Amino acid sequence: MGQEGRPPFRFETWWLQVEGFREVVTNSWRVPTPYVSGAKRIACKLRRLKVALKIWSRMAKSQRSKDKNAISSEIAALDALDECGLLEEEDRVKRTGLKLSMLKILSMEEEEWRIRSRALWLKEGDNNTRFFHKLANQRRRTNRIVAIKSRGVQLVEQQDIQQCFVTHFSSAYKARRGRRPPWEDEGLRRVPIGDAAILESPFTEAEIRRAVFSTEGDKAPGPDGFSSRFFQEFWDIVKDDIVSMFSEFYEGSQGVGCLNATFLALIPKKVGAEEISDFRPISLINACFKFLSKALGGRCKMASLQSRNVFRGSIILERRV
């Protein structure tokens, strides 16, 4: 949009390199909640952790900047002594340690801008911070919607543009009332008993873990701001709640719906997009529902179904089985 508001919370992977970060997550997650439902516990803990990390991240980023400036000054002073031939062996060891500390800080900055640039095909570690920075700025410029045409009228005010998109997609995704065709199962092939047992059996911890760790960790997160990488890195801490959520889903509990939130991202279909129809919407769902989708997809694969399509935690059978 033309005017940007406050950016939403996002889990930053560079935090994993900061000393003390794991303690912040662990201490927050292990505080009890009033909920019995695993899904509701996860939602409550993520909200609470989000508040704690917002405060912690501001302090961590400020300290990172201070440390970078201080280390840079110390290294420059030691280099000046070295040029004059006054650098002692103890100072050389100190300079080596300072350079290692600087490399760690630069690695954090590089990882931060790598994620923001979405250049996930390029791995960290090659000092690509400037390249990532340019890509991130380019993405920001490309993603800005400064004007949109609606029914021949060009809208430039942010509020008008937002309302135009909300109205359009609310109507497009609204359930249509009407008579549905009757379901007839004559002629449909039955799923073999062995395959049905695979589909209907309770989720195992090993199956759930496989679904969690097979999900791309650095993909854009959903509305809660936590990517799959967070759950992978802290699996030993969040495991019990995730397993409980899967059990509730298996039993048909409606409680998992508290995690079913989606961001609708608009991707321009062409350069110079100006009509609503020039944008393709994609859904950014929360990581927990990605895990459910992965697990169900794995079961379909194991059951050797003739045709399957897993979409946001639901199985859509495109052909007769």
Side-chain angles (χ1 to χ4, degrees), residues 1-13 46 50 112-122 131-178 215-230 257-294 296-297 308-316 318:
M1 300 295 177
Q3 183 180 357
E4 297 180 1
R6 179 179 299 178
F9 168 85
R10 286 189 178 183
F11 169 73
E12 300 273 6
T13 52
L46 289 179
K50 187 185 301 185
E112 178 183 7
W113 285 103
R114 183 181 76 91
I115 296 298
R116 292 189 181 185
S117 70
R118 309 310 300 168
L120 306 182
W121 48 270
L122 190 61
F131 172 72
F132 293 143
H133 194 288
K134 289 182 178 179
L135 277 185
N137 289 336
Q138 181 182 354
R139 286 187 68 251
R140 188 178 294 112
R141 289 192 297 267
T142 302
N143 293 338
R144 288 172 64 90
I145 302 176
V146 296
I148 196 72
K149 283 186 178 179
S150 176
R151 299 178 181 178
V153 179
Q154 185 162 348
L155 306 175
V156 295
E157 294 294 332
Q158 181 192 19
Q159 188 174 1
D160 294 336
I161 296 174
Q162 289 176 343
Q163 188 58 47
C164 180
F165 277 108
V166 169
T167 301
H168 174 79
F169 287 108
S170 295
S171 175
Y173 292 140
K174 187 176 182 181
R176 302 290 197 279
R177 290 186 178 183
T215 305
E216 180 61 44
D218 291 336
K219 292 296 184 181
D224 62 19
F226 290 90
S227 64
S228 301
R229 178 80 175 274
F230 167 80
C258 66
L259 296 171
N260 187 17
T262 304
F263 271 152
L264 197 65
L266 302 174
I267 308 299
K269 299 178 182 178
K270 62 180 183 180
V271 178
E274 56 181 14
E275 301 278 353
I276 293 182
S277 58
D278 294 335
F279 292 88
R280 175 172 60 90
I282 62 171
S283 297
L284 304 178
I285 62 175
N286 286 330
C288 289
F289 265 69
K290 290 182 182 180
F291 304 151
L292 288 170
S293 176
K294 279 283 186 180
L296 292 172
R308 64 196 181 280
N309 180 26
V310 180
F311 185 65
R312 297 180 202 161
S314 301
I315 303 178
I316 303 173
E318 296 178 325

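Sequential numbering from 1 along the given sequence is applied to the chain's residues. Just so you know, these numbers come straight off a predicted model, no measurement behind them.
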message = Treating N286 as the side-chain partner and D224 as the backbone partner, does any N or O pair qualify as donor plus acceptor under 3.5 Å?
response = yes
ask   = What closest approach, in Å, do A287 and S227 show between heavy atoms, and which atom pair accounts for it?
value = CB-C, 4.2 Å
ask   = Can you tell me how far the CD atom of E216 sits from the NZ atom of K294, to the nearest 0.5 Å?
value = 9.0 Å
Heavy-atom donor-acceptor pair, K290 side chain to P221 backbone, under 3.5 Å = no
query = Above 12 or not: heavy atoms from other molecules or residues under 6.0 Å from NZ of K50?
reply = yes
key: Distance (rounded to the nearest 0.5 Å) between N260 CG and F289 CZ   = 4.0 Å
message = Let me confirm one number: the CD-OG distance from Q163 to S170, rounded to the nearest 0.5 Å.
response = 8.0 Å
key: Partners passing ring-ring contact (aromatic ring centres under 6.0 Å, His included) against F230 (at least two apart in sequence or in another chain)   = F11, F226, F234
key: Contacts of P281 that satisfy side chain to side chain contact (heavy atoms under 4.5 Å, CB included) - sequence neighbours left out   = F169, Y173, L264, L266
inquiry  = Contact between K219 and S228 at the side-chain level, heavy atoms closer than 4.5 Å - yes or no?
reply    = no
message = Within this structure, what is the CD1-CD1 distance for the pair I276 and I161, rounded to the nearest 0.5 Å?
response = 10.0 Å
